[in-house]
Amino acid sequence: MSPTPAAEPYLAVIEALSDAELEGLYRDMAEIRAFDVQATNLQRQGQLALWPPSFGQEAAQVGSARAARAQDHVFPSYREHVVARIRGVDPVDIIRLMRGLTHGGWDPTDPRNGNTHIYTLVLGAQTLHATGLAMGLVFDGRSGTGDVERDEAVIVYYGDGASSQGDVHEAMVFAASYQTPEVFFLQNNQWAISVPVATQSRSPLYRRGDGYGIPAVPIDGNDVLASYAVTRVALDEARTGHGPRAIEAITYRMGAHTTSDDPTKYRTSDEEQSWARRDPIARMATYLRSRGASDAFFADVEASATALADDTRVRTNALGGIPTDLMFDHVYSEPHPLVEEQKRWLADYEASFEEGTS
């Protein structure tokens, strides 16, 4: 079957992928789902304060993350677990954040973390951060030379709910004005917690880019190849001086918004089942089998996914409690008498218990 006219420009990008790279996309998705399920279970067992599942959104995230080049900068929201992992972040660093052991999770300046900035739970704020950095790339001449292997670009992730936040629109204003080397990657998973996307917008979300002069493309967010190809082209156009781009990946959040949410209160079983039949992992498995992928390959992926989940459980259980001083560190840049007083009060309170801790 020939590609549609809209898909034709991206065909060469997909055809350039080797069998090993195609299988790698499937492995990324399968392994992160195992991790995601394990993390959800750990939260239910009291090991984490909160967990935001990425179940169902694996294709949009894997394709876009693999499309970014090593020199690019990544700004996630708070459920881009596989994006962080692909860029080099240890998944247990995400666990540490959701457990309350750290304020940030990882050091974005550490080369091992692949220019991955920390999770942002303030909806849409990361788009401002991303645009600010992208403006700096323009000012410093680190993009726009035409050399895709050297020019830097930025990709920022946000959801359909965040797309209604003022921060996103302000970021697009500055991105368009300064022609930043930036891709706005919107994952439309159909629900902003309990508000359906149809309530948020009377028109497709990708069309909001038109108001700022930002070329935007809607994609099937459950197709990892579409996500990869469109993001690779968009990033390379942005990095070589053509200005910001926007992508709306139309997908579905199969799980809860977070583990504090109950989607059965606002979604129907028929809706969930209709999207389950479009599972991105099952879809890619069918494609790979049609190309001759072996049973041994799928068995190996299943084993590595199980190993990742087991490793996550073991390492999470070994993390221990929250160091008391951590909650007082970095509140102010210099020692502060009120903070010191609060620290002493907590120490006395803890000591009042028979075991010496609450």
Side-chain angles (χ1 to χ4, degrees), residues 29-58 61 76-85 89-107 113 116 118-123 159 161 189 191-194 253-267 269 272 276 281 302-331 342-343 345-358:
M29 292 192 292
E31 290 181 349
I32 208 62
R33 182 169 293 184
F35 165 79
D36 189 47
V37 170
Q38 183 67 268
T40 300
N41 291 340
L42 287 166
Q43 193 282 330
R44 297 306 191 199
Q45 295 163 12
Q47 294 294 330
L48 306 178
L50 185 75
W51 185 253
S54 61
F55 197 112
Q57 297 180 222
E58 295 90 354
Q61 295 186 9
S77 57
Y78 49 79
R79 72 174 83 246
E80 282 70 42
H81 313 317
V82 73
V83 175
R85 184 174 187 240
V89 174
D90 183 346
V92 174
D93 281 347
I94 306 173
I95 294 286
R96 292 171 59 241
L97 176 64
M98 298 299 170
R99 189 179 171 92
L101 297 178
T102 168
H103 293 303
W106 58 89
D107 181 359
N113 294 324
T116 307
I118 61 177
Y119 275 9
T120 305
L121 274 71
V122 178
L123 292 185
N189 65 18
W191 290 92
I193 306 183
S194 58
R253 167 171 55 80
M254 289 299 297
H257 178 72
T258 69
T259 46
S260 64
D261 172 45
D262 180 3
T264 65
K265 301 294 185 183
Y266 54 84
R267 294 196 314 207
S269 176
E272 292 179 347
I281 297 178
E302 183 177 357
S304 64
T306 300
L308 173 62
D310 290 346
D311 178 69
T312 299
R313 183 185 66 255
V314 170
R315 293 171 65 198
T316 298
N317 288 328
L319 286 174
I322 303 171
T324 302
D325 285 348
L326 184 63
M327 69 182 74
F328 299 100
D329 292 343
H330 310 301
V331 175
Q342 291 173 341
K343 184 186 294 189
W345 181 91
L346 182 60
D348 292 342
Y349 177 74
E350 295 277 1
S352 70
F353 288 85
E354 183 177 345
E355 297 85 3
T357 178
S358 58

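Values reported hereafter were calculated over all heavy atoms of this structure, with side chains retained and with hydrogens, waters and symmetry mates removed.
Between the side chain of Tyr266 and the backbone N or O of Ile193, at least one donor-acceptor pair lies under 3.5 Å. With Gln57 contributing its side chain and Phe55 its backbone, the two residues share no donor-acceptor pair below 3.5 Å. Gln38 places a side-chain N or O within 3.5 Å of a backbone atom of Ala309 that can act as its donor or acceptor partner. The backbone N or O of Arg79 lies less than 3.5 Å from a partner atom in the side chain of Gln61, making a donor-acceptor pair. The main-chain N or O of Gly104 is found under 3.5 Å from a side-chain atom of Thr102 such that the two form a donor-acceptor pair.
Aromatic ring pairs are classed by plane angle as parallel below 30°, tilted from 30° to 60° and perpendicular above 60°; the pair Tyr78 and His257 is perpendicular. Ring-plane geometry between Phe353 and Tyr349 is classed as perpendicular, the angle between the planes exceeding 60 degrees on a 0 to 90 degree scale with a lower cut at 30.
By the 4.5 Å heavy-atom criterion applied to side chains, Phe328 and Leu346 are counted as neighbours.
Annotation: salt bridge (charged side-chain N to carboxylate O under 4.0 Å, His left out) contacts of Glu272 (sequence neighbours excluded): Arg267. A search for salt bridge (charged side-chain N to carboxylate O under 4.0 Å, His left out) contacts involving Arg44 returns nothing, not counting sequence neighbours. Applying the ring-ring contact (aromatic ring centres under 6.0 Å, His included) rule to Trp51 yields the partners Phe35, His81; only residues at least two apart in sequence or on another chain are considered.
Within 6.0 Å of CD in Gln342 there are more than 12 heavy atoms belonging to other residues, nucleotides or ligands.
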Side chain to side chain contact (heavy atoms under 4.5 Å, CB included) between Asp261 and Arg253, worked out: CA-CA 12 Å; Asp261 172 45; Arg253 167 171 55 80; 3.8 Å; yes
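Using modelled atom types and a 3.5 Å distance limit, the side chains of Gln47 and Arg99 yield a donor-acceptor pair.
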